[in-house]
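If you read the sequence from its start, that first residue is 1, and numbering goes on from there. Below, all heavy atoms of this structure are taken into account, side chains as well, without hydrogens, waters or symmetry copies. Start at 1 and go down the list; that is how both ligands and their atoms are numbered.
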Amino acid sequence: MLPAAEAEAKILDLVPPPTEVEQVSLDDCLGRVLAKAIPSPLDFPHWDNSAMDGYAVRYEDVQEATAERPKLLTLTETIPAGRSPTLPVGPGQAARILTGSMLPAGADTIVIQEVTQRQGDSVLVLETPEPQQFVRHRGSFCRAGEALMAPGLSIGGPELAVLASAQCLQVPVFPQPRVAILSTGDELVMPDAPLQPGQIVDSNQYALAALVRQAGRIPLPLGIVPDQPQALRAAIQSALAQADVIVSSGGVSVGDYDYVDEILAELGATLHIRSVAVKPGKPLTVATFPAERGTAPLYFGLPGNPVSALVTFWRFVAPALRKRSGLANSWGPTFVPATTRDALKAGGQRETYLWGKLETTTQGYEFTLAGGGHNSGNLINLAGTNAMAVVPVGTKLIAAGATVSVMVVGS
Ligand SMILES: Nc1nc2c(c(=O)[nH]1)N[C@H]1C(S)=C(S)[C@@H](COP(=O)(O)OP(=O)(O)OC[C@H]3O[C@@H](n4cnc5c(N)ncnc54)[C@H](O)[C@@H]3O)O[C@H]1N2
Ligand code: MOO
Ligand SMILES: [Mg+2]
């Protein structure tokens, strides 16, 4: 059994970063990954402008202004945002300026209106400002030609704002990996089928498609595959034709109907991992197919137990998808140190994941174990949780009140 950290590193080594680039319109690129650096077409700010409502002045005119000896300046004009100044500010003059307005020639400093007194077409300055105060200088945020953003960034609200500001209407992004999802098992039926004795609903299909979609990738749910070698072979071949990553659940242990590894080998795949020292999730299969076009397809055979499938997805598949999507770094899951409110028990043989709720308190992170059975077949008490406490190999008990590493998995 491979230790979890080694399995993660091995999996990430198998995943090449994407090389193809596609152009997507600005309106459609939320959640995509930027494929190229975006050079700035212009200076940010585009021109010197005011950060406050007040008066644009020449510093030398007001450097000795006080409430007792205010400085009187003659107003040239009012400059609203969105219009160019029409007059320079000469000695003894000021322009009325609003936040975001362009600085007029000659002015170098903004005096906020709170420290002035308006007198018709003139203004009294009652305080000496700092030189150049409240001026946002042209190019001080980013100069034309410099990179606005590096490749590998996930495009969210701030990134969209930058792209829009730079008038980048077509955005270079990496193609999204297509992730085929297969459920193996003769006992599985769709949620609308009446359950016969021995049958259960294929819940993994829903859970895994949701996690793929939440990760911003495209799930291809390919349905239920019976425990028959021919059917499994055909399903994997069909998945290979459509997907970059294949995620199956079930059929990877040592049972009489666990055919996944055997079929993968028959189809020419290289099996890199067959079991990992995690609980739940031990019988995890990771394989690659020879690359026929572009990148070698990656296969994850997750264990069928519902919690095992999700834990192995969060711990191993999600990082691989992040790297495969072109994200620059931080592929691994997020682990935070938390105080556990409950005692955490484990067997000590495998790194053990116990699900529960992570909360932020004034004391820091706190973890509460989900009530009910911590059994890899129990998906019921997984609902409403957002984290997994990790009990390391060799540890059988983490006492209540002690610190534990917690993997953050959702909201
Ligand atoms: N003799 C041994 N038996 C088992 C071992 C072992 O080491 N020696 N490992 C156990 C562990 S740990 C796990 S985890 C499971 C993994 O089994 P498989 O990946 O082969 O999965 P299946 O046998 O097909 O199913 C296991 C379990 O999960 C249910 N299942 C399967 N698919 C779904 C689905 N899509 N939705 C909901 N539930 C699903 C299935 O009905 C079984 O109950 O093996 C242990 N056995
Ligand atoms: O690894 Mo299994 O996932 O313990 O139930
Ligand atoms: Mg089995």
Checklist entry - Under 4.0 Å from any heavy atom of Pro303, which atoms of ligand 1 are there? => result 14 (S), 16 (C), 19 (O)
Checklist entry - If you count the atoms of ligand 2 from 1 in the order shown, which ones are under 4.0 Å from a heavy atom of Pro283? => result 1 (O)
Item to check | Distance-minimising heavy-atom pair for Ile218 and Val212 | outcome: C-CG1, 3.9 Å
Next on the checklist: Check contact between Pro283 and ligand 1, using heavy atoms of the residue and a distance below 4.0 angstrom.
Outcome noted: yes
Item to check | Atoms of ligand 2 close to Asn305 [distance to a heavy atom under 4.0 angstrom, numbered from 1] | outcome: 5 (O)
Next on the checklist: Going by the closest heavy atom to atom 1 (N) of ligand 1, which one wins out of Asp256, Val278, Val254?
Outcome noted: Val254
Item to check | Contact check, side chains of Leu12 and Trp331, non-hydrogen atoms, under 4.5 Å | outcome: yes
Item to check | Interfacing atoms of ligand 1 (cut-off 4.0 Å, heavy-atom, Asp202) | outcome: 34 (C), 35 (N), 36 (N)
Item to check | Neighbour count >12 (heavy atoms, 6.0 Å) for atom OH, Tyr257 | outcome: no
Next on the checklist: Check this for me - ligand 1, Val252, N or O atoms closer than 3.5 angstrom, yes or no?
Outcome noted: yes
Checklist entry - Considering only heavy atoms of Arg350, which atoms of ligand 2 have at least one such atom less than 4.0 Å away? => result 1 (O), 4 (O)
Checklist entry - So is there a nitrogen or oxygen of Lys282 less than 3.5 Å from a nitrogen or oxygen in ligand 1? => result yes
Checklist entry - Should you measure from each heavy atom of Ser249, which atoms of ligand 1 turn up under 4.0 Å away? => result 35 (N)
Checklist entry - Does ligand 1 have any atom sitting under 4.0 Å from a heavy atom of Ser308? => result yes
Checklist entry - Which is closest to atom 20 (O) of ligand 1 by heavy-atom distance: Gly301, Ser253, Pro306? => result Ser253
Checklist entry - How does Pro303 reach ligand 2, by side chain, by backbone, by both or by neither, if only non-hydrogen atoms under 4.0 Å count? => result neither
Next on the checklist: Less than 4.0 Å is my threshold; does some heavy atom of Pro280 fall inside it relative to ligand 1?
Outcome noted: no
Item to check | Asp258 contact mode with ligand 1 (heavy-atom cut-off under 4.0 Å) | outcome: side chain
Item to check | Those atoms of ligand 2 less than 4.0 Å from some heavy atom in Ser376 | outcome: 5 (O)
Checklist entry - N/O to N/O below 3.5 Å, does that happen between Gln205 and ligand 1? => result no
Checklist entry - Would you say Gly251 and ligand 1 have an N/O pair spaced under 3.5 Å apart? => result yes
Item to check | Atoms of ligand 1 close to Val201 [distance to a heavy atom under 4.0 angstrom, numbered from 1] | outcome: 36 (N), 37 (C)
Next on the checklist: Counting C-beta onward and ignoring hydrogens, is there a side-chain heavy-atom pair between Val336 and Val408 closer than 4.5 Å?
Outcome noted: yes
Next on the checklist: Are Met407 and Trp314 packed together at the side-chain level, in the sense that at least one heavy-atom pair is separated by less than 4.5 angstrom?
Outcome noted: yes
Checklist entry - With a 4.5 Å heavy-atom cut-off, do Ile155 and Leu160 have their side chains touching? => result yes
Item to check | Presence of salt bridge, Glu359 and Arg341, under 4.0 angstrom | outcome: yes
Checklist entry - Does a side-chain heavy-atom distance below 4.5 Å link Leu354 with Met388? => result no
Next on the checklist: For Leu188, which part has a heavy atom under 4.0 Å from ligand 1: side chain, backbone, both, or neither?
Outcome noted: side chain
Checklist entry - Under 4.5 Å between any side-chain heavy atoms of Glu159 and Leu34, yes or no? => result no
Checklist entry - Which of the listed options, Ser248, Gly304, Gly255, holds the heavy atom that is closest to atom 29 (C) of ligand 1? => result Gly304
Next on the checklist: Going by the closest heavy atom to atom 1 (O) of ligand 2, which one wins out of Ser308, Gly281, Ser253?
Outcome noted: Gly281
Checklist entry - Charged N to carboxylate O under 4.0 angstrom, Arg315 versus Glu8? => result yes
Next on the checklist: With the threshold set at under 4.0 angstrom, would you say Leu379 reaches ligand 1 through any of its heavy atoms?
Outcome noted: no
Next on the checklist: Has Glu6 got a side-chain atom pairing as donor or acceptor with Pro3's backbone, closer than 3.5 angstrom?
Outcome noted: no
Item to check | Ser183 contact mode with ligand 1 (heavy-atom cut-off under 4.0 Å) | outcome: side chain
Checklist outcome for this item: One should read off an interatomic distance between Thr368 OG1 and Lys357 NZ, to the nearest 0.5 angstrom, of 9.5 Å
Checklist outcome for this item: Within 4.0 Å of some non-hydrogen atom of Ile200, the atoms of ligand 1 are 37 (C), 38 (N), 39 (C), 41 (O)
Checklist entry - For ligand 1, is there an N or O atom under 3.5 Å from any N or O atom of Ser203? => result yes
Checklist entry - Short question: side chain of Asp53, backbone of Thr99 - any donor-acceptor pair under 3.5 Å? => result yes
Checklist entry - Considering distance alone, does some N or O of Arg350 sit under 3.5 Å from an N or O of ligand 1? => result no
Next on the checklist: Can you name the atoms of ligand 1, numbered from 1 with element, that are less than 4.0 Å from a heavy atom of Gly250?
Outcome noted: 19 (O), 21 (O), 24 (O)
